[in-house]
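Reminder, nothing fancy here: chain letters follow the sequence lines and each chain counts from 1.
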Number of protein chains: 2
Amino acid sequence: MKKAVQKRTLATRAKLIESAWKIISSKGYGALRVEEVVQDAAVAKGTFFAHFPDKDALMEIIIGSKIDTHLDALERQTPPENTDDFIRYLQPLMLFMTSERYVFDVILRHSGAAAKEEIGPIAQTFDRQVRVLAQWLSDGPYRKDVPAMILAEGIQAFAIQCMALHFCAINNELPIQKRMKLYLDAWLCPQNVS
Amino acid sequence: MKKAVQKRTLATRAKLIESAWKIISSKGYGALRVEEVVQDAAVAKGTFFAHFPDKDALMEIIIGSKIDTHLDALERQTPPENTDDFIRYLQPLMLFMTSERYVFDVILRHSGAAAKEEIGPIAQTFDRQVRVLAQWLSDGPYRKDVPAMILAEGIQAFAIQCMALHFCAINNELPIQKRMKLYLDAWLCPQNVS
DNA sequence: TTATAAATATGACCGTGGTCAATATTTATA
DNA sequence: TATAAATATTGACCACGGTCATATTTATAA
């Protein structure tokens, strides 16, 4: 019973997303205004909200696709042999996520997929990232007493913690990568620490 | 060179906060409108923003004070003897933090103290919580190969992860406390796991 | 007491995300 | 090809957080 998705619809949607990319690349994520997007795309404001439930939905698509690009690269890597590799591999993604306070906030807000039925693009990338990490963990010299999925979720939790503290005035004297190293060593190789 | 804080100022501020409490207790946090607060407090809208930089600042005060009450209770507890105790102790606080999606979002947004000079009330509670947890960890039968502060920060990271996943449509089949148990056992007692 | 300066309060106004009934366009049907 | 139904677009309008020049109150000094 699904039919009739007019090509006009696709075109409008693509135009909106393209305009958004353009604005973001010149002014940054936080500076994007719906008003400006529709103006650049030459459609009415209401059209925007006919295509996206809200502004965040558009940001999710755009930020999610950025994250996916990073995950593509990560999937092409050979499994990290130690925690330093882990951190080096994850660095570009974490750098993007902290590139703007606004970006980090949007990611945080949607990492839990809200209470919606639909899983949003960003929540999907989180899910995907856990699977990538779990794969690495199964293949590498890491503790096996805990399920790889749990370890992977833990790494994600630590990464978020590090990024959050990076924005924090109290805690940002310890560089983000240094802190990540402390966490990962303790989390992944408990027997080697001390 | 600081002087002249009129008692009128304190009165107005107190009135605003009291009105906010009143509204929140009857309609919830997410339903609070600045308009309604000033109306209840019988002041002009501009007055609100003369007392608080923005709406979030008020929410921070209110939510922060709630969290502080929980921390007061935690400080009165005897140190937890195992991870189950940990989870039981933390449960009321985590319950509050997830009582509303809006509350959790505000907390997340300010846990990192933003980029401001001033450390906000919520960031302070996070700092305080880490110290409480670190104290427990030093006193109890937990791994000593990692600094207590790092362990404590880890617990905080896991708690946030559990709460975020609790809101998530993909991951909420595993109850929040169950998940926390998995994390904490692996994090605090790596030798006992498996 | 009155003049003056500093602190506080006011409310009209603005920016921006989001809504919705009306209109226009496309597709399906006769 | 005409007409009806479904789908997409429009833009005036609203909600709500936040601003700021002006007015009012309070503290200080003569």
One character per nucleotide, please: for nucleotides 17-25 of chain C, 5' to 3', B when the base has a protein heavy atom closer than 4.0 Å, S when only the sugar-phosphate does, - otherwise. BBBB----S

Suppose we screen for salt bridge (charged side-chain N to carboxylate O under 4.0 Å, His left out). Which residues come up paired with A/D68, at least two apart in sequence or across chains? A/R128

Could you pull out all residues at least two apart from B/Q129 that satisfy side-chain hydrogen bond (donor to acceptor under 3.5 Å, both in side chains)? B/Q156

Report the distance from atom CD of A/Q39 to atom C1' of C/dG15, rounded to the nearest whole Å. 14 Å

Hydrophobic cluster of A/V130, others only, ordered by chain and residue number, side-chain cut-off 4.5 Å: A/M149

Please set out all donor-acceptor pairs under 3.5 angstrom arising from side-chain atoms of residues 25-34 of chain B, sequence neighbours excluded.
| residue | atom | partner | partner atom | Å |
| --- | --- | --- | --- | --- |
| B/S25 | OG | B/W21 | O | 3.2 |
| B/S25 | OG | B/K22 | O | 2.9 |
| B/S26 | OG | B/I23 | O | 3.3 |
| B/K27 | NZ | B/E36 | OE1 | 3.3 |
| B/K27 | NZ | B/E36 | OE2 | 2.7 |
| B/R33 | NH1 | B/G30 | O | 3.3 |

Over all strands shown, is A/A50 touching base, sugar-phosphate only, or nothing at heavy-atom distances under 4.0 angstrom? base

I need the OH-P distance between A/Y102 and C/dT16, as an integer number of Å. 13 Å

Could you list the residues that satisfy ring pair (Phe, Tyr, Trp, His ring centres under 6.0 Å) with B/F158, not counting sequence neighbours? A/F158, A/W187, B/Y183, B/W187

What pairs with A/F126 under ring pair (Phe, Tyr, Trp, His ring centres under 6.0 Å), at least two apart in sequence or on another chain? none

Looking at side-chain heavy atoms only, is the closest gap between A/I119 and A/D127 below 4.5 Å? no

Partner residues of B/A73 under the side chain to side chain contact (heavy atoms under 4.5 Å, CB included) criterion, sequence neighbours left out: B/R76

Symbol by symbol from the 5' end, with Watson-Crick or G-U pairs under 3.5 Å, [ ] crossing and | another strand, DNA chain C is ||||||||||||||||||||||||||||||

What is the distance, to the nearest angstrom, from the CG atom on B/L58 to the P atom on D/dG17? 11 Å

For DNA chain D, the residues among residues 17-24 of chain A that have a non-hydrogen atom under 4.0 Å from it: none

For A/E35, salt bridge (charged side-chain N to carboxylate O under 4.0 Å, His left out) partners two or more places apart: A/K45

Taking OP1 and OP2 of C/dA7, is either one under 4.0 Å from a side-chain nitrogen or oxygen of B/T9? no

Separation of D/dT10 C1' from A/H51 NE2 (nearest whole Å): 12 Å

Apply salt bridge (Lys or Arg N to Asp or Glu O under 4.0 Å) to residues B/D105 and B/R109 and explain how you reach the verdict. CA-CA 6 Å; B/D105 281 347; B/R109 206 167 35 247; 5.6 Å; no

What residues, two or more places apart in sequence or in another chain, satisfy salt bridge (charged side-chain N to carboxylate O under 4.0 Å, His left out) together with A/R88? A/D85

